[in-house]
2 protein chains.
Amino acid sequence: MSTRERQVPATGSGRRAELLALAARLFAERGFVVTTVRDIAEAAGILSGSLYHHFDSKESMADEILRGFLDELFGTYADIVKADLGPRRTLEAVVVASFESIHRRPHEVAIYQNEAKHLSQLDRFAYIAERNVEFRDLWKTILAEGVAEGAFRADLDVELVYRFVRDTVWVAVRWYNPDGALSADDVAEQYLGILLDGIATRRRPMKKARPTH
Amino acid sequence: MSTRERQVPATGSGRRAELLALAARLFAERGFVVTTVRDIAEAAGILSGSLYHHFDSKESMADEILRGFLDELFGTYADIVKADLGPRRTLEAVVVASFESIHRRPHEVAIYQNEAKHLSQLDRFAYIAERNVEFRDLWKTILAEGVAEGAFRADLDVELVYRFVRDTVWVAVRWYNPDGALSADDVAEQYLGILLDGIATRRRPMKKARPTH
DNA sequence: GTCTATATCTCGATAGAC
DNA sequence: GTCTATCGAGATATAGAC
């Protein structure tokens, strides 16, 4: 494979990557359905027909964007698991890595969050459902191991905690500003502070507030 | 105003409410943009043109659905605030009321979560942004008062905790099943267990895990 | 209150010139 | 690699018959 003709990754250089980056921004800001190929072409300073020299279809663009992002993200997760840090520090590392992915690839995360439900119904996007399962297994393993070795409270509903953590981490893409004062690590630290003081072994000693009657 | 001709609320009886309920379900499941007026008409067993006897436009249907829902929801919030329960129990009550709204009006909550960003850009949906501000003020007041009187940790970033709570509560509409084994109160209780053990005054005594170096 | 029929618009995608 | 020109599908919405 020559240097010129090699497959260019979504984050690489060149015209193709440039167009994908523009499409990703529009898909994230306006939504995949609302964004027209004319919008993407206009953002690139060309006409809609010209886009089809680079891509088969609008779907292909979303496909390439999501594949590249998910491969990268789950590669990072695999590295963390491989490091074998134990439940608590693995949880911290996965949360930090997730917030950092929001920092580095906000558009891709937004597309993953907002469009995956619809796109995954198409055959070509079947890998989205597979990644969701993979992500769920990752989290439930961390939580279950943490409970087993006493790092997390024994009375946790692991399935429910998994959903809370997943949702809270990813939904932050709606308000997180990569150029703002709060860094991804700042947000991750504050988030872990809230989460862990609830999940960690020792129970809160305060009696639960009850209506007086 | 006669009984026959009075304005029928979105949750009332009659053909109009029936059509709105069908539209709400489709808007929630497929999204507002993807759902066609033909889809709504077909679900009602009529043809698309007939829908325009009841409603001006597809937008009008979403408008009526969202207005009715938000009026109801914020009426409930106002009642809670008026009861003056103190920060901690007010927080609990608002969380419970929110999960109960997901239970009773899952489609409306889903529309509010998924479509508000786009719809609120239109003039007729300006009230969505106003409600968002109202909701933010409600939460930040609860949190700030709780910090002031020692019910919540003094080192909280109130803005960030507000976002955390807001997102986690509403995003549950993505997976919560009104017909499932977990009731809204069950979910609220478990969620409050996680949240409060992190927010409540006393700090977790465990030392924070640190990389060994 | 619903149907028939259709006007009008915009979309994704294609073919061929340059 | 981009433009010109356009096709065909499907969308919202309308007007008038029943």
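If you're wondering where the values come from, they're calculated on a predicted model, not measured in any experiment. A note on names: the letters A, B, ... follow the listed sequences, proteins ahead of strands, and every chain is numbered from 1.
The strand DNA chain C forms stems, runs of 3 or more Watson-Crick or G-U wobble pairs with distances below 3.5 Å, at C:1-18 with D:1-18.
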Just do the salt bridge (Lys or Arg N to Asp or Glu O under 4.0 Å) check on A:Arg38 and A:Glu42 with the steps written out, would you?
CA-CA 6 Å; A:Arg38 286 176 176 81; A:Glu42 188 188 23; over 6 Å; no
B:Tyr162 vs B:Asp157, side-chain hydrogen bond (donor to acceptor under 3.5 Å, both in side chains): CA-CA, chis, key distance, verdict
CA-CA 9 Å; B:Tyr162 147 68; B:Asp157 180 332; over 6 Å; no
If you apply the rule side-chain hydrogen bond (donor to acceptor under 3.5 Å, both in side chains), what do you find for B:Asp63 with B:Ser60, and how did you get there?
CA-CA 5 Å; B:Asp63 190 6; B:Ser60 292; over 6 Å; no
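Annotation: cation-pi pair A:Arg30/A:Phe27 absent, no NZ/CZ under 6.0 Å from the ring centroid and within 45° of its normal.
A donor and an acceptor atom, one from each side chain of B:Arg131 and B:Tyr127, are nowhere located under 3.5 Å apart.
Residues from residues 26-36 of chain A with heavy atoms under 4.0 angstrom of DNA chain C, sorted by number: A:Thr35, A:Thr36. Taking a 4.0 Å limit (strictly below) on heavy-atom distances, residues 42-54 of chain A reaches DNA chain D at A:Ile46, A:Leu47, A:Ser50, A:His53, A:His54.
Salt-bridge formation is detected for the pair B:Glu18/B:Arg15: a Lys NZ or Arg NE/NH1/NH2 atom is positioned less than 4.0 Å from an Asp or Glu carboxylate oxygen. A salt bridge links B:Arg104 with B:Glu72; the closest basic N to acidic carboxylate O contact falls under 4.0 Å.
Separating the CG atom in A:Asp197 from the CD1 atom in B:Ile194 is a distance of 13.0 Å, to the nearest 0.5 Å. In this structure, A:Thr168 OG1 and B:Arg163 CZ are separated by 14.0 Å, a value rounded to the nearest 0.5 Å. Atom-to-atom distance recorded for A:Leu19:CG and A:Leu51:CG is 6.0 Å, nearest 0.5 angstrom.
Of the possible donor and acceptor atoms, one in the side chain of B:Thr90 sits under 3.5 Å from a partner among the backbone N and O of B:Gly86.
Among the candidates A:Leu85, A:Ile80, A:Val81, A:Leu91, the single residue satisfying the side chain to side chain contact (heavy atoms under 4.5 Å, CB included) test with A:Ile142 is A:Leu91.
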Between the protein and nucleotides 7-9 of chain C, list every N/O to N/O distance that falls short of 3.5 Å.
none

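The outermost nucleotides of DNA chain D lying under 4.0 Å from heavy atoms of chain A, listed 5' to 3', are D:dG1 to D:dT4.
Using a 4.5 Å cut-off on side-chain heavy atoms (C-beta onward), B:Trp170 and B:Ile102 make contact.
Legend: side-chain hydrogen bond (donor to acceptor under 3.5 Å, both in side chains) pairs involving residues 75-86 of chain A, not counting sequence neighbours, sorted by first then second residue: A:Tyr77-A:Ser98.
Heavy-atom neighbours of B:Glu159 CD from other residues, nucleotides or ligands within 6.0 Å: above the threshold of 12.
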